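Reading through the structure tokens given below for one structure.
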There are 2 protein chains.
Amino acid sequence: MAEPSARERIVDAAFELFAERGYDATTVEDIAARAGVGRTTFFRQFRSKEHVVFPDHEQLLTAIAARLATATPRTAVVGVSEAAGLVLQHYLDEGERARRRYRLTRTVPALQERERAGIRQYERTFTRHIHGWLGGTPESLLRAELIANAVVTGHNHVLRAWLRGHLATAGEARRAFRAAMAEVESHVDLPGREGAAADPLPAVLVVRDAADLDRLLPQIRDLLA
Amino acid sequence: MAEPSARERIVDAAFELFAERGYDATTVEDIAARAGVGRTTFFRQFRSKEHVVFPDHEQLLTAIAARLATATPRTAVVGVSEAAGLVLQHYLDEGERARRRYRLTRTVPALQERERAGIRQYERTFTRHIHGWLGGTPESLLRAELIANAVVTGHNHVLRAWLRGHLATAGEARRAFRAAMAEVESHVDLPGREGAAADPLPAVLVVRDAADLDRLLPQIRDLLA
DNA sequence: GCGATCACGGTACTGGGTACCGTCTAGGCT
DNA sequence: AGCCTAGACGGTACCCAGTACCGTGATCGC
């Protein structure tokens, strides 16, 4: 009859008890007892009491890395967007449990920090791949970090709206996600835009008045020749 | 003879012991004993063993908030840059202790997370003020978050370079900081650019070849008149 | 000089996390 | 079948961070 694994029983027991008594008032021994396992087994499955709240984090992280690994500089935009979309979709699939976790983490500072630590791992994964696409030079590292942070921030912004119920359906959430990714892309210069590889990016000139224009015009014509 | 305060003695004792035996092998009782105080007093001064590693964090956070509070949308760019500069300058003033802390946090995961939590507080402070300058509307929140994250990322990038010794002098660090802030500003649209309030921002023209230029030149002259 | 306040140190307790050990079970080999 | 190894499990004992509480001594205002 497909007995749920010990790991799943622990997660279920933990979420039940956290809902009943709150996070702090629940001990690991309580969770283990309800799940029908020893306290030792709990810590074999989860590194800490906090980790049981984010049971799929590790798996999600490897999924992101796998998606990013298949992208190239030419397909960076869609690769990054899809990798972030994997996370969003996972939460949408989780449904009510994701929202319960959100309400729980909002009230428990320790869990907020744990969540941030997880997000940080996402950022580092994105940074690593984007940095690679940018050539891996020290000068491009800051740009890679800026882009990675922007992508993760955009994703989290939409996810948070959905978790709070501001976006009712999964379809709405995905639409908002596409909009957020578009806004993020408009703020950062990710490789892989149309034509970006074909001709070099134009330089930017700031022309304040007609005198500026007349002064610069010869050099402009020269560059365009 | 200006006896050092109990708080300072605790910080000094902690850094000494962490250097001698490492973070994990040092207990709070050890620190308190060397500082000549009771274990209770340690926890009155610092919320946790981790907090003693970042003793000036709270003070720094209020300094940032104070600087940002004096800025307006017109002075946003310089306000944000200076607020971030306060943090950099604090680390530069700290000198060798900052570098010791950096080496310590790099080897202790718990301290890395504590540091990230502190950085997160910076981000939230920046976000709150920038969001206010943008009108405080829900639509402008994502932009505010993107800008705040970019500023903090740029700052951290330079700070990390200095901590690692890639930037030898404080002057070099400040110069790199100005460059990083310029790059950040080029990626995000912060209110308060020169002339932004006086005359509207110039439109951006993409001129790919001489034919483009000739075609657009009359309109450009017209706009500048 | 005298009571109120407060910072301090000491004690006792809870609970997360680790180390270790004995046991039970699931296979692989002869 | 019988043996043997590996691995998962539960139990016990321990360490230490963090909290609650209490008694005490110093400092200040009246």
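All figures in this text were calculated on a predicted structure; none of them were measured in a lab. Lettering follows sequence order; numbering is per chain, from 1.
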Rounded to whole Å, how long is the line connecting atom CG of B/L111 with atom C1' of D/dA17?
14 Å
Below 4.0 angstrom, N of the basic side chain to O of the carboxylate: do B/E123 and B/R120 qualify?
yes
Whole-Å distance, A/I10 CD1 to D/dA8 C1', equals 12 Å
5'-most contact on DNA chain D (nearest-nucleotide basis), B/S48 vs B/R44, goes to B/S48
To the side chain of A/T41, which of C/dG16, D/dA17, D/dC9 is closest?
D/dC9
Can you measure A/F42 atom CZ to C/dT18 atom C1' for me and round it to whole angstrom units?
15 Å
Check the distance between C/dC8's P and B/R7's CZ and give it to me in whole angstrom.
12 Å
Answer yes or no: is there an ion pair linking A/R114 with B/E113, defined by an N-O contact shorter than 4.0 Å?
yes
From the candidates D/dG11, D/dC9, C/dG16, the one with an atom nearest any side-chain atom of A/T40 is D/dG11
A/E29 CD - C/dT18 C1' separation (whole Å):
15 Å
Starting at atom CZ of B/R114, determine the distance to atom P of D/dA17, rounded to an integer number of angstrom.
15 Å
Would you mind reading off the distance between A/R9 atom CZ and D/dA8 atom P, rounded to a whole angstrom?
16 Å
From the options D/dG18, C/dC8, D/dC9, select the nucleotide whose nearest atom is closest to the side chain of A/Q45.
D/dC9
Within 6.0 angstrom of B/R106 CZ, more than 12 heavy atoms from elsewhere:
no
Do A/H57 and A/Y122 have ring centroids that are under 6.0 Å from one another?
yes
Roughly, in whole Å, what's the span from CZ in B/R21 to P in D/dC15?
16 Å
I want to confirm an ordering. Mapping A/R39 and B/T27 to their closest nucleotides on DNA chain D, which one lands closer to the 5' end?
A/R39
